[in-house]
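Remarks on the structure that follows.
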Amino acid sequence: MKILVTGGTGYIGSHTAVELIKKGHDVVLLDNLYNSNVNVIKRIEKITGYCPEFYNVDILDKTNLKKVFEGNKFDAIIHFAGYKAVGESVSIPLTYYQNNIAGSLNLYEMMQEFGCNNIVFSSSATVYGDDFEVPFKESYGLGTTTNPYGTTKKFNEIILTDFANANHDISCVLLRYFNPIGAHESGLLGEVPNGIPNNLVPYIAKVASGELEYLRVFGNDYPTVDGTGVRDYIHVVDLARAHVLAIEYAVAHKGAEVINVGSGKGYSVLEVLHAYEKACGKELPYKILERRPGDIATCYADTKKAKELLGFEVEYDIEKMCEDSYRFTVMNPNGID
Ligand code: NAD
Ligand code: UD1
């Protein structure tokens with residue numbers, strides 16, 4: 001299949017491109033390089049032996065986006081392009097709504113105009129908000145989002161569901177990711193956070209490399225195994241494999257389907273820290289701080305639907321996630337350049 005991957009040079013997009021190429025798909029990447037480096041493409045080629053075609057295009061630029069569709073007949077789209085920093089979205093909400101909603105609408109309009117009927121969209125467990133009991137089930141529906149980033153994910157889910165309801169040829173798989181971490185085991189692809197990381201594992205990686213002094217653990221008085229927050233971490237390569245299955249599901253079915261992608265297991269902040277210590281072979285300092293505003297105690301996925309509809313199960317455990325993250329950190333002290 002010929003598949004357009006928007007945000008294809010980004011963290012999850014690049015790993016997904018590798019898995020799609022491995023399965024023999026014809027992959028076309030599109031990205032405006034706002035949060036990624038063009039050299040990611042060479043690394044994808046190094047891993048797979050194949051250099052995917054790349055368009056340096058902004059999804060907000062409708063003229064150039066249209067040219068991409070005029071030059072290609074896509075069977076399907078995987079739509080990763082978007083901004084993703086929760087804190088930043090609170091400060092500049094209109095920028096987030098413009099990029100993540102107006103940009104996405106441009107893409108959906110191209111689908112309609114050029115008869116591309118299948119899409120997989122990057123949603124997030126954040127759409128459950130803190131309204132529901134764990135494990136989070138797709139049947140709960142949409143919760144109350146707590147920041148504009150989360151709201152852009154929720155709106156995209158609603159827009160794509162309406163699109164599929166109105167056009168019976170359309171198929172949308174809305175993947176709700178839990179916490180993707182880790183890196184490609186070659187050490188060539190991984191997450192390169194901008195500035196001081198907000199997310200747990202990128203922060204721990206910088207403590208392990210000596211760039212940051214200690215981990216700040218946000219709260220140890222939650223009703224969890226050791227009082228620290230519990231999340232469902234998933235290896236980015238497992239998540240990438242889920243996209244290959246999701247795109248195959250999309251072309252074989254019609255309508256909109258929401259599917260969780262997680263491991264179904266929860267790990268506390270301290271459990272992740274200890275797994276990382278094992279991976280890097282040293283003790284990592286930490287201090288307990290106040291809870292981070294907006295955080296919930298526990299979040300993990302009900303994974304039954306992913307298994308039933310996609311046949312998806314995770315392969316990699318938390319140790320492997322930390323080992324691969326650490327290898328990428330050591331091999332790429334300046335990120336991907
Ligand atoms: P990323 O920032 O590494 O990748 C996103 C890519 O999109 C970047 O390469 C960026 O340059 C590109 N981009 C942004 N705006 C664009 C635009 N207007 N036009 C073209 N390209 C544009 O992020 P990621 O971690 O790979 O996340 C991919 C998707 O998955 C995002 O939509 C994100 O919101 C979603 N998601 C991520 C996580 C996570 O923890 N990483 C969790 C849930 C959902
Ligand atoms: C966060 C976002 C979520 C987004 C996801 C992307 C918030 C409130 N939620 O989820 O919308 O989809 O990232 O991956 O920002 N922690 C520390 N110290 C740190 C960093 C984190 O103790 O330096 C703790 C947190 O309190 C939490 C856990 O580690 O208990 C995981 O945090 P994080 O990696 O930021 O992910 P989420 O909060 O689950």
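Counting starts at 1 for both ligands and their atoms, in listed order. Quick caveat, the model's predicted, so the values are computed rather than measured.
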- If you measure from the Lys or Arg side-chain nitrogens to the Asp or Glu carboxylate oxygens, is any gap between Glu191 and Lys84 under 4.0 Å? yes
- If you measure from each heavy atom of Arg176 to ligand 1, is any distance below 4.0 Å? no
- Report the nearest protein non-hydrogen atom to atom 22 (C) of ligand 1: residue, atom name, distance rounded to 0.1 Å. Asn32 OD1, 3.1 Å
- Do any nitrogen or oxygen atoms of Gly294 come within less than 3.5 Å of a nitrogen or oxygen of ligand 2? no
- Asp295-ligand 2 polar pair, N/O distance under 3.5 Å: yes
- Message: Check contact between Tyr233 and ligand 2, using heavy atoms of the residue and a distance below 4.0 angstrom.
- Response: yes
- Message: Taking a cutoff of less than 4.0 Å between a non-hydrogen atom of the residue and any ligand atom, is Ala125 in contact with ligand 1?
- Response: no
- ligand 1 atoms nearer than 4.0 angstrom to some heavy atom of Ile59 are 17 (C), 18 (N), 19 (N), 20 (C)
- Query: Can you tell which of Arg231, Lys153, Arg216 gets a heavy atom nearest to atom 39 (O) of ligand 2?
  - Reply: Arg231
- Can an N or O of Asn179 be found at a distance shorter than 3.5 Å from an N or O of ligand 2? yes
- Query: With a 4.0 Å cut-off on heavy atoms, does Gly150 reach ligand 2?
  - Reply: no
- Atoms in ligand 1 flagged as close to Ser123, the criterion being non-hydrogen separation under 4.0 Å: 43 (C), 44 (C)
- Please say whether the positively charged group of Arg176, taken as NZ for Lys or CZ for Arg, lies over the ring of Phe136, i.e. under 6.0 angstrom from the six-membered ring centre and within 45 degrees of the axis. no
- For atom 25 (O) of ligand 1, what's the nearest protein heavy atom and its distance? Lys84 NZ, 2.7 Å
- Applying a 4.0 Å heavy-atom criterion (strictly less than), which segment of Val57 is in contact with ligand 1: side chain, backbone, both, or neither? backbone
- Item | Heavy-atom closest pair, residues Val225 and Ser268 | CG1-CB, 4.0 Å
- Polar atom proximity, Val86 to ligand 2 (N or O, under 3.5 Å): no
- Message: Going by ring pair (Phe, Tyr, Trp, His ring centres under 6.0 Å), name the pairs with one or both residues in residues 297-323, residues two or more places apart or in two chains.
- Response: His235-Tyr316
- Classify the ring geometry between Phe178 and Tyr128 as parallel (under 30°), tilted (30 to 60°) or perpendicular (over 60°). tilted
- If every non-hydrogen atom of Leu30 is compared with every non-hydrogen atom of Val57, which pair is closest and at what distance? CD2-O, 3.4 Å
- Message: Main chain of Glu157, side chain of Thr161: is a donor-acceptor contact present, judged purely on distance under 3.5 Å?
- Response: yes
- Query: Which atoms of ligand 1 are found less than 4.0 Å from any heavy atom of Ser124?
  - Reply: 43 (C), 44 (C)
- Nearest protein heavy atom with distance in Å, relative to atom 34 (O) of ligand 2: Leu200 N, 2.8 Å
- Message: Would you say the ring centers of Tyr83 and Tyr149 fall short of 6.0 Å from each other?
- Response: no
- Note on the structure: Closest to atom 16 (N) of ligand 2 (heavy atoms only, candidates Tyr149, Phe218, Tyr267) is Phe218
- Message: Within ligand 1, which atoms have a heavy atom of Ser122 less than 4.0 Å away?
- Response: 29 (C), 30 (O), 32 (O), 35 (C)
- Those residues at least two apart in sequence (or on a different chain) that pass ring pair (Phe, Tyr, Trp, His ring centres under 6.0 Å) with Tyr177 are His243
- Message: Below 4.0 Å, non-hydrogen atoms only: which portion of Asn199 touches ligand 2? Side chain, backbone, both or neither.
- Response: both
- Subset of ligand 1 atoms that lie under 4.0 Å from at least one heavy atom of Leu33: 11 (O)
- Can you say whether the rings of His79 and Phe121 are parallel (under 30°), tilted (30 to 60°) or perpendicular (over 60°)? tilted
- Task: Indicate the atoms forming the closest heavy-atom contact of Arg327 with Glu185, along with that distance.
- Result: NH1-O, 3.1 Å
- Query: Which bit of Lys153 gets closer than 4.0 Å to ligand 1, counting heavy atoms only: side chain, backbone, both or neither?
  - Reply: side chain
- Ring geometry between Tyr11 and His15 (parallel below 30°, tilted from 30 to 60°, perpendicular above 60°): perpendicular
- For Asp58 and Asn99 the tightest heavy-atom approach is OD1-OD1, 4.5 Å
